[in-house]
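What follows is a single structure, written as structure tokens, with notes after it.
Remember, predicted model here, so these are calculated numbers, not experimental data. Proteins get letters first, then strands, A, B, ... in listed order; numbering begins at 1 in each.
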Amino acid sequence: MTSQTPPPSRRRTKKQAPAQWQAGTSCDVLPTLVVLLTDNDKEAKALEEDLKERLWPIVAIGALQWLTQSKIDPNEPISSVVQACESLLALHLWQRLVDEGYQSRLPDHRHRAHIRVVVLWDQPSSAGGSLDLLAQILEVKRQLESRAEVLPVLIWLGKPPADLPDSLLGYWPRIRLETIALGGTQVEPWRLYEVSQHILVSLIATELTRAIEYIRQGLDKEPAWLVLGASALVANPHQTQRWLYQVMPKWALEGLVAAPLTDAQRLRIEKVVERQVDGFRRAMLKEATESLKEAEPGKGKWQADLDEEHLAVRCCVLEDQDMRRAIFGPCLVGPLASLWRDDFPLKKIPLLLSALSRPFRPERDLELLLRNHYNEIFDRLQFWLSADGSRGLASQVVEQTKSLKGFLGAFLDRGLVPAEGLPILQGQEALPAGLEAAIYALMTATERLAVEGDLAIQQDGEKEQIRVAALGADNKRYLQAVARGDADIIRGYRQRYERFARTLASPLGVALYLLPAWPLATYLLNLLPDSSLGRCMLVAGISLLLIGALDLAYWWLIRARRLLGEIQQRIYNLLVHRVLGLMALTIRDYRLWALRWLRDSGYLLMDLYTTLLEKYQEAVEAWQSIEVTKSRAEGGLYRLAAPWKISEWAKAAAKNVHDSALLPKPKNEDQDKIKYDSAVTAFLASEFWPFADPPTPVQMVWYRLNDVCVQEANRLIERDQEFLKASMLAEEVEALREGKRWDWLAKQAQPLGMVDQPASPFTIVLAPENYLGGNTGRNSHYWQDDWVTAYTRQEYEEICIRGVIELR
Amino acid sequence: MAWFYLILVAFVFYAPVIGLSAKLMGSGIEIFDTGIQIPFSESFRPLIYSWLIWFLLWILTRWIESRTDFDVLYWTDQKWRGAHLRKRWMYAERPPISLRLAEYLADAGLAISLVKVVGVVLLVLILFFVLPWLVETVLPGLAASLVSNLAGVEWIEAFAGWLVKDLAEQLAGSVTMGTEELLRDLWYFDTPTSLLPLSVLTLSAVRAHRQERRARYWGDMERKQQEHKQAVASP
């Protein structure tokens, strides 16, 4: 408050000689209430918004309050203003002002709080031509006199009253703006508001008040009005930052989402992913097969020969002899016998005949046997203890899924390739990497893994898919039903053989049937001419013997054996399909588990990709509109912009983001040794790979990424602050370059108002002192010697205020 | 048991060389004093003896079995467990050739025998009665009747002359000689005398065996049901 201009005193009588003007090095910001008394709502609104934009840090603290006509109680106008002033006297506001350096100290008993009330008067209809409202607002000063010093300022738009009424004398500075400028030129009404905006900015954030007071001190008479004109070069750093934040994703995300995979790349990804997924299936099948072999003696051990390439079982052998005999009968014949190496050699024909003729009665406890066997296999597949202590196929599926994760993660970032490396990614041209590649690899893997056909059986060169057992919630009951059904089928097969074998005569039976044929055959042969009875007897006997033997051999050794072999084969197929169906079920369950993980991961990455793509497209659209933005003049306001610098910053910041240490990396034992393609993909990997449960929300990931983008952008902006300053940006505009801006500012700041006897014309330039040096500053030939400069807190603006004083 | 008795009787009576049938052969039956005997007529006696013996044995055994509820084959199977006479002999249907060969041979023997018997009898009748009657009585009578009734018709007279002269000469000459030759061939076609009786006996036994098998099967079924009922009744 030390440098704050003391309030003008109308009671001052002694004329003081003004000292030489010296621009200050600082100025206090007074909490200010702007009272807008106007019917032009549109301009009032625009003025409010523009002012808030230009004075954003002060507005953010709360040092600028706004009171429009609609918010003033017409019956109690004073109370409305007092209420608004009260908020400006809040201690926390003053504490913030001191903390932020806008005030040098807190008010105390020697230095009361000072607040400013700026009334912008544009002939409001509510006043009805009366100036009572202005007088009443002055009453606020009296009411708050005991607590604080209220400094009323008046900005009068339009033609003023002929004689300055007493009610306005309490306001100082009394600023007048008219549509007819000094010299008689006409300006549009909206210019009055624009100039008001520059004046308000200057009143609040610069030394304008002190400069005006200095000029006033040099006057012989009391001033009636200050007739002012103002212009400004405004570089909007907030808008520049906002734009930078908006467009940064364009470059930061370009590599992630804007490089679609080519067909050739997709094809290559498909090939390697399919190979990997096939490996996954193969390992699962192998593990499941191993579990079948692990049975204890007497528990129905199965030996399976795998065709790993075609994901098929070539043959499957039940090792348990007792169970085999119980199911298939005492002897195995046909192809099944060679499978088990259990065929009866032909030289043991009597044994074979005995086995074939032995009553083939279905076991009564076959159902129980099968049920126990199925339960045993199911339990073994589900719960058998592996070396690492996990059960069933869990360890294998975990290992395979881990391997699949490592493999698929390598598409997101090569840093995620496991330490042992992936042979599939070596020795060939590098596969594409990135978010899209990872998603495509995941989707391909999902698609491939979703294909049914976990297990097939290959018999006689033909591949037959195994139908998965339809186990439901009640496994035991299902297996019981299945065992009952299979036992019935097996019994049916065995009865079929029994029915056949029952009709076969034994050698004794055949001999009995053939005995009466012997004399008959002898007598019939004896019909032949020249045949002796004895010879006929011999021939008939041998013939009948041969016929009987051949007939017996054909029916027993060929027909019966073939039927038994066929039936045993069917029983074998039934059993094998049932056992392999249980195995396929287990493999499918684990495959679906892995598939769920893949699907979840894929959808999550797709969700992330969609979000990032949206952000990228928004940034592209924003950049398309920002790119064409140019510095432009609107009346006395030159808005400066440099989109090329924004793109330069955005590109550099995006590059920094991809190398940024701010983004977290996946936690890994060899964290320091791993070299990631990009910090962004490493960050995505840390959030999504391997996938947490529940996963991090995609929006949160985006916010974190965006935070780092903003931080990197801010770091660049801090380094290149100069490019946010008006003086630097003005050099990019032809019309303002090399000091021409002073000329433009002076021309645009023509005082708005007709004055009969103007006094003390003045020009005040409110620009940062460090940009006033050099050939483009005070040394420019556009700079006038009589111009004075004053301190401003608006580092990104240069304001020129010209005025004349109308004396009373 | 029909089959068992068939084997027994067949070997006792008709076994070549040693069979009793040769001793039982009687004299043959001459056909209308032509000096020619009916073929196989000498084996009627062994046929009747053997068939009666077989039949009586079978009927008697079946009667005793039915009276005493004793099943010989069941008893045999119980006694010699490896024999499986019921399963592997009585109820067996395969091998079909071996199982029905005796029947086929009996059919063939009977057919051959009947051809010879019927052929010889027919040829004797034709040669000794039909042909002379035609030549001596029928044809002249027919010619005389035609001429008397249709006198003056030229072609009738020619036809009557052909009947009396040419046709009668043909029948008395070449036809008679051909028939004689055929009869001689058939008569001298050597057939064992036991063929016909053995065939008849075998075919009879086949039918009896089938009937007996059916009866034994139902008997077995009833016995099984009885056993099952008893097993259910006394757990």
Side-chain angles (χ1 to χ4, degrees), chain A residues 350 353-354 356-359 498-541 543-560 563, chain B residues 2-11 13-19 21 80 82-113 116 188-199 201-203 205-206 209:
Chain A
L353 282 173
S354 166
L356 288 171
S357 64
R358 191 179 298 175
E498 192 189 16
R499 275 200 297 274
F500 176 81
R502 203 161 49 199
T503 62
L504 285 177
S506 64
L508 173 64
V510 169
L512 285 173
Y513 275 114
L514 285 178
L515 274 175
W518 187 29
L520 278 167
T522 304
Y523 292 135
L524 284 170
L525 282 174
N526 197 223
L527 291 174
L528 297 173
D530 302 329
S531 57
S532 70
L533 195 60
R535 201 182 301 161
C536 288
M537 273 181 69
L538 188 63
V539 171
S543 300
L544 290 178
L545 195 65
L546 281 175
I547 288 170
L550 286 174
D551 220 5
L552 275 172
Y554 172 73
W555 283 96
W556 279 108
L557 297 180
I558 297 177
R559 293 289 295 271
L563 181 63
Chain B
W3 200 262
F4 269 122
Y5 291 132
L6 168 68
I7 295 168
L8 181 69
V9 171
F11 274 85
F13 279 85
Y14 302 109
V17 184
I18 57 166
S21 64
W80 295 286
H84 297 299
L85 282 180
R86 284 177 306 155
K87 271 196 185 112
R88 297 282 171 225
W89 172 65
M90 175 64 80
Y91 304 140
E93 289 171 1
R94 294 183 177 99
I97 294 174
S98 300
L99 263 57
R100 304 189 71 176
L101 190 59
E103 186 186 351
Y104 298 149
L105 293 176
D107 285 340
L110 182 64
I112 291 167
S113 305
K116 186 172 180 181
Y188 287 111
F189 174 63
D190 193 15
T191 49
T193 48
S194 299
L195 184 61
L196 180 64
L198 184 56
S199 298
L201 184 65
T202 304
L203 289 174
V206 165
H209 178 66

>> Need one label for Leu198(B): side chain, backbone, both or neither, based on atoms under 4.5 Å from any heavy atom in chain A.
In response: both

> Do the side chain of Tyr523(A) and the main chain of Tyr14(B) share a donor and acceptor less than 3.5 angstrom apart?
Replying inline: yes

> Of the backbone (N, CA, C, O) and the side chain (C-beta and beyond), which part of Phe500(A) lies under 4.5 Å from a heavy atom of chain B, both, or neither?
Replying inline: both

>> Between Leu524(A), Thr522(A), Leu544(A), who has the most heavy-atom pairs with chain B when the cutoff is under 4.5 Å?
In response: Leu524(A)

>> Tell me which of these, Pro16(B), Ala102(B), Ala10(B), has more heavy-atom pairs under 4.5 Å with chain A than the rest.
In response: Pro16(B)

> Checking Leu201(B) against chain A: side chain, backbone, both or neither under 4.5 Å from a heavy atom?
Replying inline: neither

> Does the Arg88(B) side chain pair with the main chain of Leu504(A), one donor and one acceptor, at a distance under 3.5 Å?
Replying inline: yes

> Below 4.5 Å, heavy atoms only, C-beta onward: do Leu515(A) and Phe11(B) meet side chain to side chain?
Replying inline: yes

>> Does Ile97(B) have more than 12 heavy atoms from other residues, nucleotides or ligands lying within 6.0 Å of its CD1?
In response: no

>> Between Tyr104(B) and chain A, with a heavy-atom cut-off of 4.5 Å, which part of the residue counts as in contact: side chain, backbone, both or neither?
In response: neither

>> With a 4.5 angstrom heavy-atom cut-off, is it the side chain or the backbone of Thr202(B) that approaches chain A, or both, or neither?
In response: side chain

> Which pair of non-hydrogen atoms, one from Leu520(A) and one from Ser199(B), has the smallest distance, and what is that distance?
Replying inline: CD2-OG, 3.6 Å

>> Side chains of Trp556(A) and Pro95(B), heavy atoms from C-beta outward: is any pair under 4.5 Å?
In response: no

>> Can you pull out every salt bridge (Lys or Arg N to Asp or Glu O under 4.0 Å) where at least one residue sits in residues 92-110 of chain B? Sequence neighbours excluded, please.
In response: Arg100(B)-Glu103(B), Glu103(B)-Arg210(B)

Could you tabulate the donor-acceptor pairs under 3.5 Å formed by side-chain atoms of residues 505-514 of chain A, not counting sequence neighbours?
{"unit_1": "Ser506(A)", "atom_1": "OG", "unit_2": "Gly509(A)", "atom_2": "N", "d": "3.2"}
{"unit_1": "Tyr513(A)", "atom_1": "OH", "unit_2": "Trp89(B)", "atom_2": "O", "d": "3.0"}
{"unit_1": "Tyr513(A)", "atom_1": "OH", "unit_2": "His209(B)", "atom_2": "NE2", "d": "2.8"}

> Residues in ring-ring contact (aromatic ring centres under 6.0 Å, His included) with Tyr91(B), at least two apart?
Replying inline: Tyr217(B)

> Side chain, backbone, both or neither: which part of Ala106(B) has an atom under 4.5 Å from a heavy atom of chain A?
Replying inline: both

>> Counting only non-hydrogen atoms closer than 4.5 Å, can you tell me which residues of residues 528-540 of chain A sit against chain B?
In response: Leu533(A), Met537(A)

> Which one, Leu6(B), Leu101(B), Val17(B), Leu99(B), leads in non-hydrogen pairs under 4.5 Å with chain A?
Replying inline: Leu99(B)

> Can you say whether Leu550(A) sits under 4.5 Å from chain B via the side chain, the backbone, both, or neither, judging by heavy atoms?
Replying inline: neither

> So, do Ser98(B) and Leu552(A) sit near enough that their side-chain heavy atoms are less than 4.5 Å apart?
Replying inline: no

> So, for Ala517(A) and Leu105(B), which heavy atoms are closest and what is the spacing to 0.1 Å?
Replying inline: O-CD1, 3.4 Å

> Does the side chain of Asp190(B) come within less than 4.5 Å of Leu527(A)'s, by heavy atoms?
Replying inline: no

